[in-house]
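Throughout, a chain's letter reflects where its sequence line sits, starting with A, and its residues are numbered from 1.
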Amino acid sequence: MRLYNRVDMEIRQLHPWNLEPRDAIATQKRLAAQVVLEGSPQDVRTVAGADISTAGGRGRGAVVVLSYPDLQVLESQVVESELAFPYIPGLLAFREVPVLAEAFQRLSVRPDLLLVDGQGLAHQRRFGIACHLGLLLDLPTIGCAKSRLVGEHGPVDEEAGSRTELRDGSEVIGLVVRTRAGVTPVYVSVGHRIGLAEAAEWVLSLCRGYRLPDPARLAHQAAGGQAMPVAAQPAGEQMSLF
DNA sequence: GCGACAG
DNA sequence: ATCTTGTCGC
């Protein structure tokens, strides 16, 4: 898919190369105003999930496209490269977007909805990685993080589907959602072109018995987020211990 | 100054 | 994020 859907010079500043932290912060402040905080994706047939795994200064980004509502994998692109930017809370996008953007570029289909592993509006400057990618790709985007970056919230009821507001002062910046009973809730926030309530509904409808919605869960796997169980060695072919 | 801090 | 085995529970 094409990376830049809009012929706008400013949009290019969303694609970070070698920015200094202070410039990265200035960029976020300036572009946060362009995020569209409302919308309900229509006729969704494909949903993409994006995630990245890191190891020794290198990162492996993965974008997986699933059919909806079947949630079958239609396409998967994995890209590995050097990570130029360090991890700094609040500036995650500048570390991960370059690799993910390359993966999106190799995608043959343009998804109808995107789910990103990380915060959207629930960010210091209301411009988390989900907003960053959403604006870059001009796609309805949802931010779904496994832990909190900013904001406070009360307890979340135990039943699956329960949600509690995540606030920064009096401002509601996201929803803490229990995707299934017995698991730690996830942090859902607007990435781009979708409302908060709609984002939470989508996250829940994309869950299939696991804590994380399938797009995020499968992208995490594709990126090699956790060691794959080693295939059992055929008897007689086991490597000698000496 | 101290504590917090997506992945 | 990553380093890592077993173990408690449905």
Q: Specify the separation, in whole Å, of atom NE2 of A:His220 and atom C1' of C:dT2.
A: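 It works out to 10 Å between those atoms.
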
Report yes or no: does [X] contribute a side-chain atom to a donor-acceptor pair with the main-chain N or O of [Y] at less than 3.5 Å?
{"X": "A:Arg193", "Y": "A:Asp138", "result": "yes"}
{"X": "A:His192", "Y": "A:Cys131", "result": "no"}
{"X": "A:Asp112", "Y": "A:Thr46", "result": "yes"}
{"X": "A:Thr141", "Y": "A:Leu139", "result": "yes"}
{"X": "A:Arg95", "Y": "A:Ile88", "result": "no"}

(Q) Does anything in residues 147-160 of chain A form a side chain to side chain donor-acceptor pair (under 3.5 Å)? List the pairs, not counting sequence neighbours. (A) A:His153-A:Tyr187

Q: Give every residue pair that meets the side chain to side chain donor-acceptor pair (under 3.5 Å) criterion with at least one member in residues 63-79 of chain A, sequence neighbours excluded.
A: A:Glu75-A:Gln77, A:Glu75-A:Ser108

Q. So what is the 5' to 3' dot-bracket string for DNA chain C, if pairs are Watson-Crick or G-U wobble with both distances under 3.5 Å, crossing pairs use [ ] and | means the partner sits on another strand?
A. ..........

Does any part of the side chain of [Y], heavy atoms only, come nearer than 4.5 Å to the side chain of [X], both counted from C-beta?
{"X": "A:Arg180", "Y": "A:Tyr210", "answer": "no"}
{"X": "A:Pro41", "Y": "A:Ile194", "answer": "yes"}
{"X": "A:Leu175", "Y": "A:Leu166", "answer": "no"}
{"X": "A:Ile142", "Y": "A:Glu198", "answer": "no"}
{"X": "A:Arg22", "Y": "A:Ile25", "answer": "no"}
{"X": "A:Leu212", "Y": "A:His220", "answer": "no"}

Q | Neighbours of DNA chain B within residues 159-187 of chain A, by heavy-atom distance under 4.0 Å | A |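 Within residues 159-187 of chain A, no residue comes under 4.0 Å of DNA chain B.
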
Q: List in numerical order all residues of residues 198-205 of chain A for which some heavy atom is under 4.0 Å away from an atom belonging to DNA chain B.
A: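 Nucleic-acid contacts, sorted: none.
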
Q: Using a 4.0 Å heavy-atom cut-off across all strands, classify A:Leu91 as base, sugar-phosphate, or nothing.
A: base

Q.
Mind checking if A:Gly143 touches a base, just sugar-phosphate, or nothing, with heavy atoms under 4.0 Å?
A. nothing

Q) Is it true that atom CD of A:Glu38 has more than 12 heavy atoms of other residues, nucleotides or ligands lying nearer than 6.0 Å? A) no

Q: Give the C-alpha distance, both sets of side-chain angles, the deciding distance and a yes or no for salt bridge (Lys or Arg N to Asp or Glu O under 4.0 Å) between A:Arg217 and A:Asp51.
A: CA-CA 9 Å; A:Arg217 199 170 61 76; A:Asp51 191 25; over 6 Å; no

Q. Parallel, tilted or perpendicular for A:Phe94 and A:His132, by the 30°/60° rule?
A. perpendicular

Kindly give the atom pairs (protein nitrogen or oxygen, nucleotide nitrogen or oxygen) under 3.5 Å for nucleotides 3-5 of chain C.
none

Q | Range on DNA chain B touched by chain A, heavy atoms, distance below 4.0 Å | A |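 Here the contact window of chain A covers B:dA4 to B:dG7.
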
Q: Grab the two heavy atoms, one from A:Leu115 and one from A:Ala216, that are nearest each other, plus how far apart they are.
A: CD2-CB, 3.5 Å

**Q.** Non-neighbouring partners of A:Arg125 that pass side-chain hydrogen bond (donor to acceptor under 3.5 Å, both in side chains), sequence neighbours left out
**A.** A:Gln28

Q: Could I get the full list of side-chain hydrogen bond (donor to acceptor under 3.5 Å, both in side chains) partners for A:Arg211, not counting sequence neighbours?
A: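 Counting only residues at least two positions away or on another chain, A:Arg211 forms no side-chain hydrogen bond (donor to acceptor under 3.5 Å, both in side chains).
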
Q) Where does DNA chain B pair, written as one dot-bracket string 5' to 3', with Watson-Crick or G-U pairs under 3.5 Å, ( ) inside the strand, [ ] for crossing pairs and | for another strand? A) .......

Side-chain donor-acceptor distances from residues 57-65 of chain A under 3.5 Å, at least two apart:
| residue | atom | partner | partner atom | Å |
| --- | --- | --- | --- | --- |
| A:Arg58 | NE | A:Glu80 | OE2 | 3.2 |
| A:Arg58 | NH1 | A:Glu82 | OE1 | 2.7 |
| A:Arg60 | NE | A:Ala223 | O | 3.3 |

Within the sub-3.5 Å range, which N or O atoms of nucleotides 8-10 of chain C have a protein N or O partner, and how far apart are they?
none

